[in-house]
Protein chains: 2
Amino acid sequence: MLSIDELKSINFFEHLDEKELKLLLSISRKRTFSQGEILFYEKDKAQHLTIVLEGVVKIYKIDPKNNEIVLHRFRPKSLVAEMAVFEGISYPASAAFESEGSVLEIDFEKFKEYFLANTDVAFALFKSLTQKIKYLDNVIALNVVLDSTARVAKYICENDDALKMKNNQLAQYLHMTPETLSRILKKFTKLGFVEKADSSYKIVNKEALTILFE
Amino acid sequence: MLSIDELKSINFFEHLDEKELKLLLSISRKRTFSQGEILFYEKDKAQHLTIVLEGVVKIYKIDPKNNEIVLHRFRPKSLVAEMAVFEGISYPASAAFESEGSVLEIDFEKFKEYFLANTDVAFALFKSLTQKIKYLDNVIALNVVLDSTARVAKYICENDDALKMKNNQLAQYLHMTPETLSRILKKFTKLGFVEKADSSYKIVNKEALTILFE
DNA sequence: AAAAAGAGTTGACTTATATCAATAAAGATA
DNA sequence: TATCTTTATTGATATAAGTCAACTCTTTTT
């Protein structure tokens with residue numbers, strides 16, 4: 001089911017030798033999920049180091065109005081919620097598969113004992129942690145610091161695929177209603193910052209948009 | 001100016017021996033700041049590993065309306081913005097001293113070379129990084145997910161000193177105006193969740209408050 | 001091509017929070 | 001204690017974004 005080659009393809013473990021990979025294999029297991037299935041719930045106790053192998057995992061919270069707020073989307077092969085495992089606390093948000101997929105679950109206590117002293121592994125974990133901080137900083141910059149207009153401007157400038165998404169979905173990514181997004185894009189069109197070409201928008205004045213969020 | 005004992009008192013380095021501490025000393029320097037002085041600006045290139053030795057450092061962003069949004073307050077002896085240094089990027093926010101204080105600046109390239117392979121140091125850094133993630137998660141939970149009322153409820157339940165602060169300052173911590181905070185506390189008083197005793201509030205029904213944010 | 005379904009847009013209205021201005025209370029200073 | 005200064009509260013109003021409902025445009029299905 002889970003092969004050594006599969007482990008090796010995970011960048012955290014690329015420098016491990018055969019013996020180490022075998023040891024790792026013995027403390028790991030693979031779990032598959034279908035679309036929509038829950039990987040873990042907020043408040044569950046974090047037990048395993050979890051790495052997405054296939055599919056997309058979303059991390060989300062539910063606000064008091066029952067809106068789902070997606071904080072992060074993880075693609076293969078990233079570590080999910082390692083903070084909770086390291087800190088020995090419960091998950092601060094829930095996680096669900098947005099597509100079919102699978103994860104690798106590693107027994108954390110044993111991992112710590114056998115692998116954390118390995119410089120390469122430690123380095124890869126540093127990288128993963130710092131990137132997560134970078135990502136969270138960005139979430140804060142986007143959602144706490146900016147208003148809706150600036151949020152749209154920033155997101156469409158920094159994410160090429162943003163305007164290719166369904167309006168609906170983009171609105172959800174940006175934590176606003178489709179109506180609000182539609183109105184903002186209309187405003188940008190009037191200002192000549194974007195243009196509507198065959199049913200999807202294109203940026204025509206990136207400089208102007210940039211001014212809105214900087 | 002900067003002594004070995006001072007280095008040793010920093011938990012990241014408590015396991016280092018004399019020789020290592022001397023080496024560390026040679027790649028470090030101490031800088032002192034007066035109240036209000038800037039440690040770094042958003043967009044500055046991150047060059048040194050920075051540890052607060054004395055005083056309080058606030059990390060903040062400026063929103064489009066020129067409000068200062070404080071994301072974090074660091075007390076001795078914590079690492080500041082290590083993410084930017086590790087990632088080799090510019091600081092995602094600005095930092096200023098809220099009191100008099102000092103920091104230790106460590107040449108990161110040399111630190112990486114000499115110390116990062118040290119298991120104890122690496123472990124302490126893990127700890128620092130995961131705690132930062134925990135903190136940022138909390139900022140998001142507080143500011144993105146919750147509305148003002150829930151935010152006040154959560155903050156006063158989880159921070160004993162919250163109601164001892166000046167209303168003004170608490171409002172700033174919670175990213176809302178003093179007026180809004182005042183109105184929310186008045187509402188809580190009416191509901192019997194808090195009580196005003198000689199010019200400061202006290203929680204009388206923590207369970208009720210908890211329900212508001214969970 | 002017509003019909004149906006889904007997605008996007010628009011207008012009217014509501015709500016949460018900010019803003020501004022006036023007052024009240026608390027704390028500091030003389 | 002009286003006066004000054006700062007901080008907190010209150011009311012009125014403004015603003016940004018959400019909600020709801022109608023409508024229009026796409027896309028898909030038949």
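Sequence lines set the chain letters: A, B, ... in the order given, protein chains first and strands last, and positions in each chain run from 1.
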For this session: Check the pair Lys196(A), Thr189(A) against side-chain hydrogen bond (donor to acceptor under 3.5 Å, both in side chains), reporting the backbone distance first and the verdict last.
Result: CA-CA 8 Å; Lys196(A) 204 173 189 175; Thr189(A) 310; over 6 Å; no

Exercise. Taking five pairs at each end, how big is the angle between the two axes of the helix from dA1(C)-dT30(D) to dA30(C)-dT1(D), to 10°?
Worked result: 30°

For this session: Go through the steps to decide whether Tyr41(B) and Tyr91(B) satisfy the test ring pair (Phe, Tyr, Trp, His ring centres under 6.0 Å), and finish with yes or no.
Result: CA-CA 7 Å; Tyr41(B) 282 109; Tyr91(B) 294 112; over 10 Å; no

Exercise. Could you give the CG-to-P distance, from Asn67(B) to dT15(D), as a whole number of Å?
Worked result: 16 Å

For this session: Could you verify whether a donor N or O on one side chain and an acceptor N or O on the other, from Glu82(B) and Ser128(B), lie under 3.5 Å apart?
Result: yes

Exercise. What class does the angle between the rings of Phe33(B) and Phe97(B) fall in, given that below 30° is parallel, 30 to 60° is tilted and above 60° is perpendicular?
Worked result: parallel

Problem set entry | Glu158(A) with Lys154(A): basic N within carboxylate O range, under 4.0 Å | yes

Exercise. So Phe86(A) and Phe126(B), would you call those rings parallel, tilted or perpendicular, with 30° and 60° as cut-offs?
Worked result: parallel

Could you pull out all donor-acceptor pairs under 3.5 Å where a side-chain atom in residues 207-214 of chain A meets a protein atom, sequence neighbours excluded?
unit_1    : atom_1 : unit_2    : atom_2 : d
Thr210(A) : OG1    : Lys206(A) : O      : 2.7

Problem set entry | Tyr201(B) side-chain N/O to dT9(D) phosphate OP1/OP2 under 4.0 Å | yes

Exercise. Hey, can you pull the residues of residues 153-181 of chain A with a non-hydrogen atom under 4.0 angstrom from DNA chain C?
Worked result: Lys166(A), Asn167(A), Asn168(A), Glu179(A)

Seminar exercise, completed: Whole-Å distance, Ile69(A) CD1 to dG18(D) P, equals 11 Å

Problem set entry | Option from Lys30(B), Arg31(B), Gln47(B) for which side-chain hydrogen bond (donor to acceptor under 3.5 Å, both in side chains) with Glu105(B) holds | Arg31(B)

Problem set entry | Test item: side-chain donor near acceptor, Lys61(A) and Ser94(A), under 3.5 Å | no

Exercise. Rounded to the nearest Å, what distance is computed from the NZ atom of residue Lys187(A) to the P atom of nucleotide dT10(C)?
Worked result: 14 Å

For this session: Report the distance from atom CG of Asp63(A) to atom C1' of dT15(C), rounded to the nearest whole Å.
Result: 15 Å

Exercise. OP1 or OP2 of dA8(D) sitting under 4.0 Å from any side-chain N/O of Ser182(B)?
Worked result: no

Problem set entry | Distance in angstrom units between Arg183(B) CZ and dA16(C) C1', rounded | 11 Å

Exercise. Should Lys196(A) be listed as having a side-chain N or O under 4.0 Å from OP1 or OP2 of dT26(D)?
Worked result: no

Exercise. Is there a side-chain polar atom (N or O) of Lys186(B) under 4.0 Å from OP1 or OP2 of dT9(D)?
Worked result: no

Exercise. Ile184(A) has an atom CD1; how far is it from atom C1' of dA16(D), in whole Å?
Worked result: 10 Å

